[in-house]
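Quantities reported herein were computed from a predicted structural model and do not represent experimental measurements. Quick note: numbers below take in every heavy atom, side chains included, and nothing from hydrogens, waters or symmetry partners.
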Amino acid sequence: MSNLTIKAKSLCLATLLLSAGAANAQSNWSIGHGYASGGVVGAQYQWLHDDIKWTAAVGLVGAAVGVQRSIDDARQHSIGLAAGVEDLTAEDGFFVATYQYYPSGFANSGWRLGFSAGMRREDESSFFGSVGKTETKPAIAFELGYQF
């Protein structure tokens with residue numbers, strides 16, 4: 001079984017588990033940039049339950065699942081985790097911690113700004129497959145998005 005098939009099945013299973021656990025939650029959409037949004041540009045579906053937000057994203061060059069928790073009374077700041085794949089810099093996967101700032105609030109429509117930092121797995125590959133060794137490297141990204 002190819003590495004890509006295993007990744008796709010893992011992301012589908014994680015999305016199914018997230019959706020089953022968040023069936024009674026409020027949901028919304030977001031578009032954005034960064035690992036948690038699936039890479040360069042992506043769409044993120046969000047399930048909000050109290051101060052916890054579960055996410056599943058599909059981007060132009062990747063996909064991700066994650067969770068965020070609001071950490072202040074005004075519900076403008078959150079911390080979380082995200083994992084997924086991104087073909088440009090993390091074709092063998094990434095796992096990052098995230099910080100997000102929501103000027104309009106964690107559950108409200110508006111901009112979100114933040115960053116993510118963690119680890120990514122990358123190989124020297126071409127369009128037709130892997131041609132080199134896989135390396136673990138640091139992952140740092142600016143996150144920007146708008147949630148509806």
Side-chain angles (χ1 to χ4, degrees), residues 3-4 6-19 21-22 25-127 130-148:
N3 216 9
L4 182 59
I6 293 169
K7 289 178 203 173
K9 287 181 180 180
S10 296
L11 282 173
C12 287
L13 178 61
T15 302
L16 179 64
L17 291 172
L18 287 174
S19 64
Q26 172 188 349
S27 63
N28 58 28
W29 286 93
S30 172
I31 57 170
H33 160 77
Y35 283 112
S37 294
V40 177
V41 162
Q44 183 184 77
Y45 189 71
Q46 306 171 341
W47 299 272
L48 182 67
H49 183 69
D50 296 327
D51 288 337
I52 305 289
K53 184 183 290 185
W54 300 92
T55 64
V58 176
L60 293 178
V61 294
V65 293
V67 61
Q68 300 227 351
R69 178 171 176 69
S70 176
I71 57 172
D72 66 327
D73 291 336
R75 296 182 72 184
Q76 290 183 308
H77 302 270
S78 73
I79 56 173
L81 300 170
V85 294
E86 194 267 337
D87 281 343
L88 299 177
T89 65
E91 56 271 348
D92 289 332
F94 65 83
F95 185 75
V96 294
T98 62
Y99 165 79
Q100 299 284 326
Y101 171 65
Y102 299 86
S104 299
F106 186 66
N108 301 327
S109 294
W111 291 101
R112 61 179 172 80
L113 307 158
F115 64 89
S116 57
M119 302 303 290
R120 61 188 171 96
R121 300 273 295 158
E122 180 179 30
D123 62 28
E124 297 173 15
S125 62
S126 70
F127 182 73
S130 179
V131 294
K133 66 180 181 170
T134 299
E135 297 179 331
T136 300
K137 298 181 177 181
I140 299 172
F142 173 71
E143 305 272 342
L144 174 67
Y146 188 88
Q147 66 185 21
F148 300 95

What's the spacing between [X] [atom1] and [Y] [atom2] if we round to 0.5 Å?
X: Trp54; Y: Leu48; atom1: CH2; atom2: CG; value: 12.0 Å
X: His33; Y: Glu143; atom1: NE2; atom2: CD; value: 7.0 Å
X: Gln100; Y: Phe115; atom1: CD; atom2: CZ; value: 9.5 Å
X: Ile71; Y: His77; atom1: CD1; atom2: NE2; value: 7.0 Å
X: Gln44; Y: Ser37; atom1: CD; atom2: OG; value: 5.0 Å

Is there a side-chain contact between [X] and [Y] in this structure, where contact means two heavy atoms from C-beta onward sitting under 4.5 Å apart?
X: Tyr102; Y: Arg75; answer: no
X: Val67; Y: Ile52; answer: yes
X: Phe142; Y: Leu113; answer: yes

Side chain to side chain donor-acceptor pair (under 3.5 Å) between Thr136 and Arg121: does it pass, once the steps are laid out?
CA-CA 5 Å; Thr136 300; Arg121 300 273 295 158; 2.6 Å; yes

Do the side chain of Gln46 and the main chain of Thr55 share a donor and acceptor less than 3.5 angstrom apart?
no

Nearest heavy-atom pair of [X] and [Y]: which atoms, and what distance?
X: Leu81; Y: Ala97; value: CD2-CA, 4.1 Å
X: Glu122; Y: Asp92; value: C-OD2, 4.2 Å
X: Ala64; Y: Ala36; value: CB-O, 4.1 Å
X: Glu91; Y: Val85; value: O-CG1, 4.3 Å
X: Tyr35; Y: Thr89; value: OH-OG1, 3.1 Å
X: Ser104; Y: Ser109; value: CB-O, 3.3 Å

Can you check side chain to side chain donor-acceptor pair (under 3.5 Å) on Ser30 and Arg112, steps first, answer last?
CA-CA 9 Å; Ser30 172; Arg112 61 179 172 80; 3.1 Å; yes

Apply ring-ring contact (aromatic ring centres under 6.0 Å, His included) to Tyr146 and list each qualifying residue two or more places apart in sequence or on a separate chain.
Trp111, Phe148

Between Gln147 and Lys53, does a side chain to side chain donor-acceptor pair (under 3.5 Å) hold up when you go through it step by step?
CA-CA 12 Å; Gln147 66 185 21; Lys53 184 183 290 185; 3.0 Å; yes

If we ignore angles and hydrogens, is there a donor and acceptor under 3.5 Å between the side chains of Thr98 and Gln68?
yes

